[in-house]
Asks: 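Submitted below is the structure of interest, expressed as structure tokens.
Starting from 1, each residue takes its place in the sequence as its number.
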Amino acid sequence: METCETSLKENKISCLFPEILTMIFKYLDVRDKGCAAQVCVAWREAAYNRSVWRNIEAKLHLRKHNPSLFPSLVQRGIRRVQVLSLRRSLRDVMNGVPNIESLNLSGCYNVTDIGISYMCSKEVSTLTVLNLSLCKQITDRSLDKIAGTLKNLEELELGGCCNITNNGLLLIAWGLKRLRVLNLRSCRHITDIGIGHVSGLSKLAESAEGNLELEHLGLQDCQKLTDQALMNVSLGLNNLRSINLSFCANIRDTGLKCLAKMGSLSHVNLRSCDNISDIGIAYLADGGSRIQTLDVSFCDKIGDQALVHISQGLYNLRSLSLNACHVTDEGLNKVVRTLRDLTALNIGQCSRITDKGLGLIGDFLTNLREIDLYGCTSITTVGLERIMQLPHLSVLNLGLWHKRV
């Protein structure tokens, strides 16, 4: 008869079926997955199962030739790649991972139009996500190649690509019909005309139908945009759910009338838009919009009257950011009594908020999960104790860090 001691000796992890090892390896982080593959042949076979690497993004330094790199990625079924540093041709990536779905080149400062040209030497139907953020050398020439060969792109990140112009957006409007996410942060040459191209309102080319499937549009720090850009967006981008206009100093109250007409819009970021006032919030609220997230932090012209308008119109609001706005306890009183489903409230640096306001929050916003009180100099421990009693509160910011409670 087999003794208990013998049975215990044979119950080693090396005796587990490969299917069990694969299930275990799924829970390891990327580095540990790689280490497990180096233990022995059996572990390597289990660790290289494609299910272990599903949705994993490979982070690569492409410096010297490594003949085993890309075959290893393909064997594991990896189709998402981030290039951390680049000393080789991007053509090697596209050829080495033929079914690539996502390519992240953010911060690769040496990417040029020539490099993008090599990358787009042939049509790649599988690529749906391309991140070129902070690739500051690329110009409209790159967008010409991208629009011609990467026609199935759904997400395009161009944040910080400061040489992109309206002509580049015309090319995007012509070639990338399936685009859902477009980020143009700090593209300083973009004007209302470029947004018109994206919105399908171009008068320059009849074939440029626009990116009418867009759901998320990032226009942060595009300083040349005016209210006309928002009119273009409202006329053409009927599926838009999220727009980021933070630091767009030339956006004014009138432009928010256009956003209020967009029934699909649920997330609006107006952070540091200096010319937005209580009147603009009134336009936004009167339009019957279904906005769930609104950020008007650091808008100097926002005060208690804006909170009155919010309380009377934006009933679907779940997250409200008012950092450094000139709001008081009286304004909070209006909001908390009508928007009881708020889960996030940011009122950092609102120096006129006192313990009375925190008491109102504690009484009415029982679903609140996150609150920012950094720099609220008029509150004391009395008000904080009331906030700490909120049943669902998980994040409380009192300084330059978040405290989980």
Asks: Any pair with a residue in residues 110-130 that passes salt bridge (charged side-chain N to carboxylate O under 4.0 Å, His left out), sequence neighbours left out, goes on the list, sorted by first then second residue, please.
Replies: none
Asks: Taking all non-hydrogen atoms of both residues into account, name the closest pair between Leu103 and Val93 and its distance.
Replies: CD1-CG1, 4.2 Å
Asks: Just by distance, do the side chain of Ser311 and the backbone of Val335 share a donor-acceptor pair under 3.5 Å?
Replies: no
Asks: Are any side-chain N or O atoms of Thr366 and backbone N or O atoms of Gly362, one a donor and one an acceptor, separated by less than 3.5 Å?
Replies: no
Asks: Looking only at atom types and distance, does a side-chain atom of Asn232 sit under 3.5 Å from a main-chain N or O of Leu201, one as donor and one as acceptor?
Replies: no
Asks: Can you see which heavy atom on Leu240 is nearest to which on Ser264, and at what distance?
Replies: O-OG, 2.7 Å
Asks: What are the two closest heavy atoms between Ala173 and His197, and how far apart are they?
Replies: CB-O, 3.2 Å
Asks: Applying side-chain contact (heavy atoms from CB on, under 4.5 Å) to Leu230 and Leu225, what does each step give before you reach the verdict?
Replies: CA-CA 9 Å; Leu230 300 190; Leu225 298 185; over 6 Å; no
Asks: Strictly by salt bridge (charged side-chain N to carboxylate O under 4.0 Å, His left out), give each pair with a member in residues 259-284 just once, sequence neighbours left out.
Replies: Arg271-Asp295
Asks: Looking at Ser89 and Arg91, would you say the former's side chain and the latter's main chain have a donor-acceptor pair under 3.5 Å?
Replies: yes
Asks: Which residues pass the salt bridge (Lys or Arg N to Asp or Glu O under 4.0 Å) test with Arg80, sequence neighbours left out?
Replies: none
Asks: Side chains of residues 340-353: which donor-acceptor pairs under 3.5 Å do they make with residues two or more places apart or in other chains?
Replies:
| unit_1 | atom_1 | unit_2 | atom_2 | d |
| --- | --- | --- | --- | --- |
| Arg340 | NE | Arg337 | O | 3.4 |
| Thr343 | OG1 | Arg318 | O | 3.2 |
| Asn346 | ND2 | Ser321 | OG | 2.8 |

Asks: Between atom CD1 of Ile146 and atom CG of Leu132, what is the distance when rounded to the nearest 0.5 Å?
Replies: 5.0 Å
Asks: Mind jotting down which residue pairs meet the salt bridge (charged side-chain N to carboxylate O under 4.0 Å, His left out) criterion with at least one end in residues 216-241? Sequence neighbours excluded, please.
Replies: Glu215-Arg241
Asks: Run the numbers on Lys59 and Val81 for side-chain contact (heavy atoms from CB on, under 4.5 Å), then give the verdict.
Replies: CA-CA 6 Å; Lys59 301 180 186 296; Val81 174; over 6 Å; no
Asks: Heavy-atom count around Leu84 CG within 6.0 Å, excluding the residue itself: above 12?
Replies: yes
Asks: Please assess Leu184 against Leu169 for the test side-chain contact (heavy atoms from CB on, under 4.5 Å), listing each intermediate value before the final yes or no.
Replies: CA-CA 10 Å; Leu184 300 170; Leu169 295 191; 3.8 Å; yes
Asks: Ignoring hydrogens and geometry, is there a side-chain-to-backbone donor-acceptor pair from Asp355 to Thr380 under 3.5 Å?
Replies: yes
Asks: Do Ile138 and Thr112 have side chains that approach each other closer than 4.5 Å (heavy atoms only, starting at C-beta)?
Replies: no
Asks: Has Asp253 got a side-chain atom pairing as donor or acceptor with Ser277's backbone, closer than 3.5 angstrom?
Replies: yes
Asks: Could you tell me whether Tyr118 atom OH has more than 12 heavy atoms of other residues or ligands within 6.0 Å of it?
Replies: no
Asks: In this structure, are over 12 heavy atoms from other groups packed under 6.0 Å from Ile193 atom CD1?
Replies: no
Asks: Donor-acceptor pair, distance only, cut-off 3.5 Å: does the side chain of Glu57 make one with the backbone of Ile78?
Replies: no
Asks: Please name all residues satisfying salt bridge (Lys or Arg N to Asp or Glu O under 4.0 Å) with Arg88, sequence neighbours left out, ordered by chain then number.
Replies: Asp92
Asks: Do Thr328 and Asp304 have side-chain N/O donor and acceptor atoms under 3.5 Å apart?
Replies: yes
Asks: Side chains of Val129 and Val181, heavy atoms from C-beta outward: is any pair under 4.5 Å?
Replies: no
Asks: Sorted by first residue and then second, give each salt bridge (charged side-chain N to carboxylate O under 4.0 Å, His left out) pair with at least one member in residues 135-147; sequence neighbours left out.
Replies: none
Asks: Tell me if a side-chain donor or acceptor on Asn269 pairs with a main-chain N or O of Ser246 at a distance below 3.5 Å.
Replies: no
Asks: Do Leu134 and Ser106 have side-chain heavy atoms sitting under 4.5 Å apart?
Replies: no
Asks: As a test of understanding, state which of Leu86, Asn163, Val111 forms a side chain to side chain contact (heavy atoms under 4.5 Å, CB included) with Cys135.
Replies: Val111
Asks: Does a side-chain heavy-atom distance below 4.5 Å link Ile379 with Thr354?
Replies: no
Asks: With heavy-atom distances below 4.5 Å as the criterion, would you say the side chains of Leu284 and His309 are in contact?
Replies: no
Asks: Return the set of residues passing side-chain contact (heavy atoms from CB on, under 4.5 Å) with Asn152 (not counting sequence neighbours), or none when no residue passes.
Replies: Ser125, Arg178
Asks: Are Asn244 and Leu217 close enough that some pair of their side-chain heavy atoms sits under 4.5 Å apart?
Replies: no
Asks: With Lys356, which residues qualify under salt bridge (Lys or Arg N to Asp or Glu O under 4.0 Å), at least two apart?
Replies: Glu330
Asks: What are the two closest non-hydrogen atoms of Tyr283 and Ala260, and how far apart are they?
Replies: O-CB, 3.4 Å
Asks: Which heavy atom in Ile190 sits nearest to a heavy atom in Asn166, and how many Å separate them?
Replies: CA-OD1, 3.6 Å
Asks: Considering the options Leu398, Leu390, Leu396, Leu365, which one meets the side chain to side chain contact (heavy atoms under 4.5 Å, CB included) requirement together with Ile371?
Replies: Leu396
Asks: Would the number of heavy atoms belonging to other residues, nucleotides or ligands and lying under 6.0 Å from CG of Leu212 be above 12?
Replies: yes
Asks: Using side-chain contact (heavy atoms from CB on, under 4.5 Å) as the criterion, list what pairs up with Asn55, not counting sequence neighbours.
Replies: none
Asks: Which distance, rounded to the nearest 0.5 Å, do you find between the CZ of Phe247 and the OG of Ser186?
Replies: 9.5 Å
Asks: Would you check if the side chain of Ser72 reaches a backbone N or O of Ser68 as a donor-acceptor pair within less than 3.5 Å?
Replies: no
Asks: Are there more than 12 heavy atoms of other residues, nucleotides or ligands under 6.0 Å from atom CE of Met231?
Replies: no
Asks: Any donor-acceptor pair under 3.5 Å linking the side-chain atoms of Asn99 with those of Thr126?
Replies: no
Asks: With heavy-atom distances below 4.5 Å as the criterion, would you say the side chains of Asn397 and Leu373 are in contact?
Replies: no
Asks: Using every non-hydrogen atom in the two residues, find where Cys299 and Cys325 come nearest and quote the distance to one decimal.
Replies: O-SG, 3.9 Å
Asks: Could you go through Leu317 and Ile310, starting from their C-alpha distance and side-chain angles, then the distance that decides it, and tell me whether this counts as side-chain contact (heavy atoms from CB on, under 4.5 Å)?
Replies: CA-CA 9 Å; Leu317 212 57; Ile310 289 172; 3.8 Å; yes
Asks: Leu127 versus Met94: any side-chain heavy-atom pair under 4.5 Å?
Replies: yes
Asks: Do you see a donor-acceptor pair shorter than 3.5 Å between the side chains of Ser85 and His61?
Replies: yes
Asks: Without hydrogens or angle criteria, can the side chains of Ser242 and His267 be said to hold a donor-acceptor pair below 3.5 Å?
Replies: no
Asks: How would you list, by chain and number, every residue that makes a side-chain contact (heavy atoms from CB on, under 4.5 Å) with Asn239, sequence neighbours excluded?
Replies: Glu213
Asks: Which atom pairs, one a donor and one an acceptor, fall under 3.5 Å between side chains of residues 153-162 and the rest of the protein, sequence neighbours left out?
Replies:
| unit_1 | atom_1 | unit_2 | atom_2 | d |
| --- | --- | --- | --- | --- |
| Glu154 | OE1 | Arg180 | NE | 3.3 |
| Glu154 | OE1 | Arg180 | NH2 | 3.2 |
| Glu157 | OE1 | Asn183 | ND2 | 2.8 |

